[in-house]
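Structure record follows, encoded as structure tokens.
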Number of protein chains: 2
Amino acid sequence: MTKYEEIANAIRERIKQGTYPVDSLIPDQVSLAKEFNVSRMTVKRAMDILELEGLILRKRGAGTFVKKTALSHGYTASIIEYEGLTKQLSDKEVKSKIISFKLDFPDEEIQKTLMLDKHDPIYKIIRLRIVDGKPYILEHTIMNANLIPGVNEEVLLNSVYKYIQKDLNLKFGGAHRIIGADKASEYDIEHLNCREEDPVLEIEQIVYLEDGTPFEYSKSRNKYDTRTYNITDIR
Amino acid sequence: MTKYEEIANAIRERIKQGTYPVDSLIPDQVSLAKEFNVSRMTVKRAMDILELEGLILRKRGAGTFVKKTALSHGYTASIIEYEGLTKQLSDKEVKSKIISFKLDFPDEEIQKTLMLDKHDPIYKIIRLRIVDGKPYILEHTIMNANLIPGVNEEVLLNSVYKYIQKDLNLKFGGAHRIIGADKASEYDIEHLNCREEDPVLEIEQIVYLEDGTPFEYSKSRNKYDTRTYNITDIR
DNA sequence: CAGTGGTCTAGACCACTTT
DNA sequence: AAGTGGTCTAGACCACTGA
């Protein structure tokens, strides 16, 4: 733990506890530097973190204020998770049903999105995620099979993301998402407990490793009244 | 323009131009510090920017690499804009039709989301946004009328966000968004050229000023096949 | 004009990777 | 062991705000 992280944690805690109330001025950097026995630069770095988290507002010449929103939406709300459903809904019972699991070659579209050659193998997976016994999300996934080898039934029935991070020791680097609405498909009607007239929320995503290599393209579909996608966006 | 911004710009340009190719090592910080005649800390600050933009990957002990995705999705793609439709679609003709424009008091729900008292005035606005002559988005907006005074027909027919930033000289501080799918409502069918069975994509949002005061709650609805919501999310 | 936060430096030491 | 990026310092100067 670095000094600036420790200071950021300490000040974040003071904001949460109300020691530094919403809308009030925080002590200036020189005072804080004295209090924590560090240089002012280090205090500033701590403030950089809290600013990114949306907790404070800095005004040159005036001082540093606690934002009105500091208490309402938690500071981690802005971070989109890569842990997959299994961890996102850790208080619920998440199960998976494999609808289809094939090896194939990519078409031209997928070759482009996943940076693949014509003869690089891919997994084609269709999985139904079941939460507390109810069908929840229907996932259509295409994955680079050279990058993510060894995917099997056991992995698919648990968490693929955990497998990639823990067993393969790979790190995620980001994702691109496209969110839209669609009419229910035959698949949706069969597996998601949808009627023909029920809208479906679809999240398309390309997920990257830390060096920028795309390893997965997927479409997650769910019945319109079961899930929303939330974003907290600062500044 | 600060030195670290100038260095970040210069290096970003080299990445875009291919001087530093994708997947290659960038010169080390000491060399760059010499080249630009600055201290190493300043080079590091420039790198901080490029890392946030998702252009580079830094490995302690190894060096700094250009990410594979550095060229594909532009570095500004990760930033969600507050400029409203008028600027987002600046190459298209954006018009607005005011469906309804009222003053009212907030109900309990809105009192909570917009941090208002029972007797604080609010605008209730329903606007249809028309792009290239076609109905595009139906916006239901509730706005704090004390914070954003002087909204009138002229403002509504142009850009409300421009009015807030330019004329009122207020700065935005972030937003919270909830994206979901829904069935078409009577309003949608009447104004969005929807059929009863057409799904609708809805984006609910609360928008904040820089000190964290919420000033607007809105729902933007559009026909399922006319618009998606895109997010680039780094790390 | 005093006080705030932002930038920048020159140098030290540390953690880590690669050879 | 050499070289990389990360942290931290003590101090300087600057830009801006508010009384």
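Every chain is numbered from 1 and lettered A, B, ... according to where its sequence line falls, protein lines coming before strand lines.
Distances shorter than 4.0 Å separate some side-chain N or O of B:T42 from OP1 or OP2 on C:dT9. The phosphate of D:dG3 has neither OP1 nor OP2 within less than 4.0 Å of any side-chain N or O from B:Q29. For C:dC8, neither phosphate oxygen OP1 nor OP2 lies less than 4.0 angstrom from any side-chain nitrogen or oxygen of B:Y4. OP1 or OP2 of C:dG6 has at least one side-chain nitrogen or oxygen of A:R58 nearer than 4.0 Å. Taking side-chain N and O atoms only, A:R40 has no distance below 4.0 Å to OP1 or OP2 of D:dT9. Residue A:R45 places none of its side-chain N or O atoms closer than 4.0 Å to OP1 or OP2 of D:dC8. Side-chain nitrogen and oxygen atoms of A:S39 include none within less than 4.0 Å of the OP1 or OP2 phosphate oxygen of D:dG11.
Stacking of B:K59 on the aromatic ring of B:F65 is recorded, both the 6.0 Å distance cut-off and the 45° axial limit being met.
Distance A:F36 CZ to D:dT9 P: 13 Å, rounded to the nearest Å. Per the geometry, CZ belonging to A:R60 stands 6 Å off C1' belonging to D:dC16, to the nearest Å. The NZ-C1' distance, from B:K34 to D:dT4, rounds to 14 Å in whole Å. Remark: C1' of C:dT4 and CD of A:E51 are 15 Å apart, rounded to the nearest angstrom. In this structure, B:M1 atom CE and C:dG6 atom C1' are separated by 16 Å, rounded to whole Å. For the pair B:K44 NZ and C:dG11 C1', the computed distance is 16 Å after rounding to whole Å. At whole-Å resolution of the value, CG in B:L57 and P in D:dG6 are 10 Å apart. Atom CG of A:L25 is separated from atom C1' of D:dT17 by 12 Å (rounded to the nearest Å).
Without hydrogens or angle criteria, A:R129 side chain to A:E139 main chain gives no donor-acceptor distance under 3.5 Å.
Across all strands, B:K3 comes closer than 4.0 Å only to sugar-phosphate atoms, never to a base (heavy-atom distances). Within 4.0 Å (heavy atoms only), B:V38 reaches sugar-phosphate atoms of the nucleic acid but no base atom.
A salt bridge is absent between A:E108 and A:K118; no separation between the charged side-chain nitrogens and carboxylate oxygens falls under 4.0 Å. Using a 4.0 Å cut-off between a side-chain N of Lys or Arg and a carboxylate O of Asp or Glu, A:R177 and A:E204 do not qualify as a salt bridge.
The two atoms that bring B:A8 and B:I49 nearest to each other are CB-CD1, 4.1 Å, heavy atoms only.
The residue among A:M41 and A:A62 whose nearest nucleotide of DNA chain C is located toward the 5' end is A:A62. Remark on DNA chain D: of its neighbouring residues B:D28 and A:N37, the 5'-side contact belongs to B:D28, judged by nearest-heavy-atom nucleotide.
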